[in-house]
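The structure under discussion appears below in the form of structure tokens.
These numbers were taken from a predicted model, which means no experiment stands behind them. Chain naming here is simple, since letters A, B, ... match the order of the sequence lines and numbering starts at 1 in each.
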Amino acid sequence: MSIAVRLPDDSLRQLPEGATGTDLAAGIGPRLLEAALAIKQDGQLTDLKAPLRDGAKIEILTAKNEDSLELIRHSTAHLLAHAVKRLYPNARVGIGPTIEDGFYYDFWVEKPFTPEDLPVIEAEMKKIVAEGIEVVREDLDRDAAIARFNEMGEPLKVEVVSGIPQGDRISGYRQGDFYDLCRGPHIPNTNKLKAFKLLSIAGAYWKGDEKNQMLSRIYGTAFHSQRDLDEHLQRLEEAKQRDHRKLGKELDLFSFHPQAPASPFFHPKGTVVYNALVDYIRELYNKYDYKEVITPQILDVSLWKTSGHYDNYAENMYFTTAEEREYAVKPMNCPGHCVLFGSTKHSYRDLPLRIADFGRLHRYERSGVTHGLTRVRTFCQDDAHLFCAPDQIKAEMASFLDLLKEVYDTFAFTEMRVALSTRPEKRLGSDEIWDAAEGALAEALTEAGVPFKLNPGEGAFYGPKIEFQVLDALKRPWQLGTLQVDYMLPERFDLNYTKPDGTEGRPVMLHRAILGSLERFFGILVEHCAGAFPAWLAPVQVAVLPITDRVAPFAEEVGAKLRAAGFRVDLDLRNEKVNAKIREHQLRKVPYMLVLGDREAEAGSVSVRHRTQGDLGVQTLEAFLASFQAEVAERRR
RNA sequence: GCCAACUUAGCUCAGCUGGUAGAGCAGCUGAUUCGUAAUCAGCAGGUCGCAGGUUCGAAUCCUGUAGUUGGCUCCA
């Protein structure tokens with residue numbers, strides 16, 4: 001008996017029955033056999049050593065295939081566990097999945113691992129690779145697996161297997177003296193693992209539940225080649241160089257102090273950027289017909305009880321008391337806006353009413369979760385609430401999309417990912433209302449030609465939401481914008497508007513933000529542009545650098561003219577060589593430097609140097625002013 | 001909040017197994033007036049996060065505490 005399988009080039013190959021991927025690869029050629037990592041049978045990933053099915057379409061995976069990278073990482077996770085078990089026989093293994101960019105493995109150990117342990121473990125892993133141990137699949141039925149893991153003293157594995165229905169078979173893999181529960185597939189031999197690195201250690205709750213015990217997790221990554229690994233490590237290094245916390249300090253943008261944990265102090269330079277962001281959004285609010293308001297910081301608890309925050313959000317709120325009356329510092333603007341909306345009578349002609357607010361918010365965050373500017377305890381959002389009639393949702397969504405695209409384009413966030421989260425199990429409102437809301441959002445996205453992903457059941461209980469993600473210069477995703485449909489707050493605050501027929505209607509509220517938190521956006525932007533802000537945002541836009549004291553008066557004149565034209569100027573009159581001045585302003589990423597010597601003073605011209613383009617030559621001050629003015633006015637990237 | 005690590009001059013960092021603090025840059029002073037990424041010299045600057053403890057003696061060891069960092073849980 002023999003079987004036939006079809007290769008990707010559509011050719012048929014006859015093999016004896018029971019033949020495996022290894023046999024197939026060997027039959028084709030020794031180099032393929034050497035490179036083969038796994039096979040795909042009719043699109044399904046399996047071990048190289050799995051028996052081939054008659055008539056199946058077979059693809060042999062090598063390092064060239066995308067899918068095989070995950071395979072490598074998964075097998076490296078096993079390799080890690082194998083090494084740990086050799087070095088620390090008392091360690092109990094948890095789970096070891098692949099993640100984006102690598103893998104991790106959790107261990108239950110008496111004493112958590114330390115960074116010094118990593119090189120030792122890594123060396124042991126390399127030893128196991130050098131030993132070239134075969135990786136073989138050994139399936140067991142559930143009860144046998146429980147017995148085996150009990151015998152091995154692996155309670156966590158027993159727990160995992162116990163979750164599998166009785167009678168099912170579980171798959172496992174053995175490499176030498178190490179056996180692990182695993183769905184597979186895996187590479188055929190440990191010697192296929194050539195490039196890996198252990199990166200860090202962290203505590204992690206068993207099954208991600210903080211009520212469970214804390215395990216010691218080791219993170220690592222693996223690639224097909226040392227070159228790919230090096231490249232990845234270099235990307236990590238690049239990310240470190242761009243870290244907004246590092247750049248924030250170096251560029252004198254902001255700082256943090258123990259007196260106000262997780263709450264940024266923006267320095268003059270950072271404040272310039274921050275305000276420029278707000279000014280920009282404000283300008284668009286005019287264009288898109290929003291009304292900006294300023295609302296109180298501290299409001300009576302009764303308001304938060306009405307809004308539902310008191311019951312659902314209290315652990316993130318700050319409270320305060322005065323004259324025996326209890327207040328809360330606002331964590332969100334929406335209840336205040338509801339107060340505003342409800343304070344006067346509204347006609348359908350008033351809708352949509354777009355209320356914007358840059359109010360400062362305070363949210364208590366648990367101490368371990370804060371991070372630089374991206375997760376803070378006080379921030380403000382480019383927040384607005386659109387009060388509209390139910391049939392206006394779609395149009396509002398469409399207009400918001402335009403606004404959003406305009407903004408992201410300005411900041412050179414060229415890639416956007418959109419997700420629509422729909423009704424969850426537990427929700428407010430009738431199915432008809434949800435149908436209409438979800439439909440309106442989806443339609444608006446479709447009509448705008450915006451592709452989106454559906455997250456069924458992920459919506460808020462008060463309405464569906466859309467989340468907008470951008471990719472930064474290092475291709476890292478960040479969620480910035482959001483639009484949430486809310487039926488609950490108008491209900492809770494009993495908001496009404498008079499419809500054309502004279503009856504009262506309930507408005508819908510759309511919560512929306514473009515940049516999200518300004519603090520967070522600031523941090524992301526710093527990393528996105530590596531601290532080199534576009535000219536319109538740069539804290540110092542032009543540095544004026546006289547070469548000698550003789551031209552100081554001329555430099556002051558140039559500086560004054562630039563300032564009069566509305567620019568942020570650093571007039572550098574220090575007794576330093578031009579080279580030193582240039583170097584310093586270059587390191588501070590100042591977009592333009594004007595080098596002024598006797599020649600310029602004589603001719604009334606300026607010698608322009610751009611931070612990336614270098615020496616642009618001499619021009620008249622007027623010419624420079626005009627072109628620079630245009631660059632700033634257009635908010636060129 | 002949980003696990004782990006870190007905290008030395010304004011910044012970046014040295015300081016081996018405990019013997020009482022050091023560099024570069026920044027700052028200040030002086031000299032130099034020098035055309036596209038660092039001019040030279042001098043001076044000054046720290047109760048080694050904070051509070052206890054061990055010790056003849058602590059930046060170094062122990063305990064507690066604060067902040068930060070990497071994760072977990074949570075989240076803009």
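Between the CZ atom of A/Arg599 and the P atom of B/C34 there is a distance of 13 Å, rounded to whole Å. A/Lys246 places its NZ atom 14 Å from the P atom of B/C11, with the value rounded to the nearest Å. One atom, NZ of A/Lys111, and another, P of B/A5, lie 10 Å apart when rounded to the nearest Å. Across the protein-nucleic acid pair, A/Glu576 atom CD and B/C28 atom P stand 11 Å apart, rounded to whole Å.
The stacking criteria are not both satisfied for A/Phe113 over the base of B/A4, which would need a centre-to-centre distance under 5.5 angstrom and an angle between ring planes under 30 degrees.
Cation-pi geometry between A/Arg512 and A/Phe468 is not satisfied (NZ or CZ under 6.0 Å from the ring centre, within 45° of the ring normal).
Note on A/Tyr364: only backbone sugar-phosphate atoms sit closer than 4.0 angstrom, heavy atoms only; bases stay farther off. Within 4.0 Å of A/Asp598, counting heavy atoms only, lies at least one base atom of the nucleic acid. Within the 4.0 angstrom heavy-atom criterion, only backbone atoms of the sugar-phosphate kind lie near A/His371; the bases stay farther away.
For B/G70, the OP1/OP2 oxygens have a side-chain nitrogen or oxygen of A/Arg245 closer than 4.0 Å.
In terms of polar N and O atoms assigned as donor or acceptor, the side chain of A/Glu600 comes within less than 3.5 Å of the base of B/G35 in a complementary pairing. Checked by distance alone, A/Arg520 brings no side-chain donor or acceptor within 3.5 Å of a matching partner on the base of B/C75. For A/Arg366 against B/C74, no side-chain N or O and base N or O form a donor-acceptor pair under 3.5 Å. For B/A66, the base has no donor-acceptor partner in the side chain of A/Gln259 [N/O atoms by modelled type, under 3.5 angstrom].
Atom name P, nucleotides B/G70 and B/C13: the rounded distance is 15 Å, in whole Å.
A donor-acceptor contact closer than 3.5 angstrom is absent between the side chains of A/Tyr592 and A/Gln613.
Within residues 94-105 of chain A, no residue places a heavy atom under 4.0 Å from RNA chain B.
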- Message: side chain to side chain contact (heavy atoms under 4.5 Å, CB included), that's the test. Do A/Leu233 and A/Lys197 meet it? Break it down for me.
- Response: CA-CA 9 Å; A/Leu233 295 177; A/Lys197 185 162 177 63; 3.6 Å; yes
